[in-house]
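Just so it is clear, the structure is predicted and the values come from calculations on it, not from any experiment. Indexing begins at 1, ligand by ligand and atom by atom, following the structure's order.
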Amino acid sequence: MEKLSNGVKDHFLISDNSISPSAPAPLKQPFVIGVAGGTASGKTTVCNMIMSQLHDQRVVLVNQDSFYHSLSEEKLKKVHEYNFDHPAAFNTEVLLSCMEKLRSGQPVNIPSYDFKIHQSIESSSPVNPGDVIILEGILVLNDPRVRDLMNMKIFVDTDADVRLSRRIQRDTVQRGRNIQNVLEQYTKFVKPSFDEFIQPSMKYADIIIPRGGDNDVAIDLIVQHIRTKLCQHNLCKIYSNIFLISSTFQIKGMHTLIRDVNTAKHDFVFYADRLIRLVVEHGLGHLPFTEKQITTPTGSVYTGVDFCKRLCGVSVIRSGESMENALRACCNGIKIGKILIHRENNDGRQLIYEKLPKDIASRHVFLLDPVLASGYSAVKAITLLLSKGVPESHIIFLNLIAAPQGIHALCKKFPMLKIVTSEIDASLNEDSRVIPGMGEFADRYFGTNNISSKVTTSFTANLKSRS
Ligand SMILES: Nc1ncnc2c1ncn2[C@@H]1O[C@H](COP(=O)(O)OP(=O)(O)O)[C@@H](O)[C@H]1O
Ligand SMILES: Nc1ccn([C@@H]2O[C@H](COP(=O)(O)O)[C@@H](O)[C@H]2O)c(=O)n1
Ligand SMILES: [Mg+2]
């Protein structure tokens, strides 16, 4: 890929939506990285290294420097009294608007800045959006509005003496300064502003890179992480507690069958069971474990792990009951509780019935419901589990299909909860049903398509009389 500053190789058009927990996620969002650090810490060097390793991706580099206010004639006369290291030196409104446009897939005109004349020059060619947007600058982690745009925040942490000596060299060679100017500016503005604004912004970084471009290990790890994130669904980039099983053609094939309106009950059950088993196995992988050593028949010692034993399942009646067999098959003798939640209208939910293990507070709980739609029922179920003393971090919600609306609702309200799902669907329709979805899961699994409402009514009445 050609080296780009404020540019990108190819035009790449994506949906107009921005990532926000309330808006439905578009199909593909660029991954935004912020790279901050003191002057001459090696930010540009680190960005160039990341870009060269991501040569097969469309990467756009945006410099915060491009958004410096141009100095007026009056200010130019007293340039030695101007603080270029203060947040007010930047036109952050324009920076935000350019970043929003790039994030939503629109090309933008980013100004170029000339350090010799302290003026910005309108860039003639538009910058196209990319798969990855890197925003680099001394103060990019200082303003919360700018930080909120980022999926990954990096701080390049290089020793102050090293930075000063590099700055003297760079500014005298490239930026038309003399040593006297550089030292005066450094003492008067650069260092005090570093201490007041830049250094304190380090606490917002996800990754701190000591020694900047010399730190190959850090750069490799960052690139690896970006590659992983680029393959992920947008919602997995936003929330760290949603786990989407990696798609394979087998999984896609099973989804094709269970989603097909013409699939007969027998096949629906067979393929739904296979998918449920995969989700359950994946969910089990999120349990804590302890190291265990055993002796094999050869007399050798094998160091392995011991499964977590304090578990239980809780199925949301009726569809969640379809997942019980898979859980029992994986965890012999596991206790399984039940919850029945009645849907009153689109957003109303009433808890009708609950039967939970008495000691549920001391167990890790697998909450079972094959479809996560609006999330109202799941919120009700999780709230019940929390009221019984189950720690939020001990609840793993297993489902086959999740709608973005349900994911936003749960992940925002319960950040410690884990959700394991096999596919994330596009949206909900006006009846709050998942689309494309697979229709009424319980009816298709239990073969109650025609008698569903009668069964549910009598079943609900029966359970009410039991409780
Ligand atoms: N690891 C390094 N070793 C030696 N010189 C470096 C190193 N990293 C950066 N430099 C030099 O230091 C100066 C500032 O680096 P740069 O990456 O532009 O910093 P920043 O973007 O943080 O101001 C440049 O002249 C660059 O070539
Ligand atoms: N006209 C200007 C504008 C900025 N500076 C200095 O540049 C530094 C930021 O750029 P880095 O590449 O070092 O991150 C900043 O510390 C300003 O002091 C300038 O000297 N003249
Ligand atoms: Mg730079």
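At a threshold of 4.0 Å, the pair Arg145-Asp143 counts as salt-bridged, since one of the basic side-chain nitrogens sits closer than that to a carboxylate oxygen. A salt bridge links Lys191 with Asp195; the closest basic N to acidic carboxylate O contact falls under 4.0 Å. One finds a salt bridge joining Asp56 and Arg227 here, because a Lys/Arg side-chain nitrogen approaches an Asp/Glu carboxylate oxygen to under 4.0 Å. The residues Arg259 and Glu423 are annotated as salt-bridged, a charged nitrogen and a carboxylate oxygen being separated by less than 4.0 angstrom.
Screening residues 275-285 for salt bridge (charged side-chain N to carboxylate O under 4.0 Å, His left out) gives Arg277-Glu281 as the qualifying pairs, with residues at least two apart or on separate chains. The salt bridge (charged side-chain N to carboxylate O under 4.0 Å, His left out) contacts involving residues 107-120 comprise nothing, where partners must be two or more places apart or lie in separate chains.
Within the protein, the N, O or S atoms lying under 2.8 Å from the Mg ion (ligand 3) are Thr44 OG1, Glu136 OE2.
The shortest separation from a heavy atom of Gly38 to ligand 1 is under 4.0 Å, placing the residue in contact. Within the structure, ligand 1 has Glu136 among the residues with a heavy atom less than 4.0 angstrom away. Heavy atoms of Gly212 come nearer than 4.0 angstrom to ligand 1 in no pair at all.
Within 6.0 Å of NZ on Lys153 lie more than 12 heavy atoms contributed by other residues, nucleotides or ligands. Annotation: Lys292, atom NZ; neighbour count of heavy atoms from other residues, nucleotides and ligands within 6.0 Å does not exceed 12. Within a 6.0 Å radius of NZ in Lys203, other residues, nucleotides and ligands contribute more than 12 heavy atoms. Within a 6.0 Å sphere centred on CD1 of Ile179, other residues, nucleotides and ligands contribute 12 heavy atoms or fewer.
Taking every heavy atom of Ala40 and a limit of under 4.0 angstrom, the matching atoms of ligand 1 come to 14 (C), 19 (O), 20 (P), 22 (O), 23 (O). Ligand-side atoms of ligand 1 in range of Arg170: 18 (O), 23 (O), range being under 4.0 angstrom from any heavy atom.
Between Leu372 and Val434, every side-chain heavy-atom pair lies at or beyond the 4.5 Å cut-off.
For Arg147 and Tyr204, the positive end sits near the middle of the six-membered ring, less than 6.0 Å away and at most 45° from its axis.
Residue Ser41 has at least one nitrogen or oxygen atom sitting less than 3.5 Å from a nitrogen or oxygen atom of ligand 1, judged on distance alone.
In terms of protein heavy-atom proximity, atom 9 (C) of ligand 1 is nearest to Thr45 OG1, 3.3 Å. The shortest contact between atom 19 (O) of ligand 1 and any protein heavy atom is with Gly42 N, 3.2 Å. In this structure, atom 2 (C) of ligand 1 lies nearest to the protein heavy atom Arg166 NH2, 3.2 Å. Closest protein heavy atom to atom 1 (N) of ligand 1: Asp214 OD1, 2.9 Å. What sits closest to atom 21 (O) of ligand 1 on the protein, heavy atoms only, is Thr44 OG1, 2.7 Å.
Between the Thr421 side chain and the Asn399 main chain, a donor and an acceptor come within less than 3.5 Å of each other.
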ask   = When you look at His408 and Tyr239, which way does the ring-ring contact (aromatic ring centres under 6.0 Å, His included) test go after all the steps?
value = CA-CA 9 Å; His408 286 307; Tyr239 301 114; 5.6 Å; yes

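Within the 4.0 angstrom cut-off, atom 27 (O) of ligand 1 has no protein heavy-atom neighbours. Contact annotation for atom 14 (C) of ligand 1: protein present (non-hydrogen atoms, distance under 4.0 Å).
Note: His286 and Phe243 meet the aromatic proximity criterion, with ring centroids under 6.0 Å apart.
Shown are Phe84, Tyr68, Phe90; of these, the ring-ring contact (aromatic ring centres under 6.0 Å, His included) with Tyr113 is made only by Tyr68.
For a heavy-atom separation below 4.0 Å, the residues in contact with ligand 2 are Thr39, Ala40, Lys43, Asp65, Tyr68, Phe84, Asp85, Tyr113, Phe115, His118, Ile138, Arg167, Arg170, Arg175, Arg177, Gln185, Val190.
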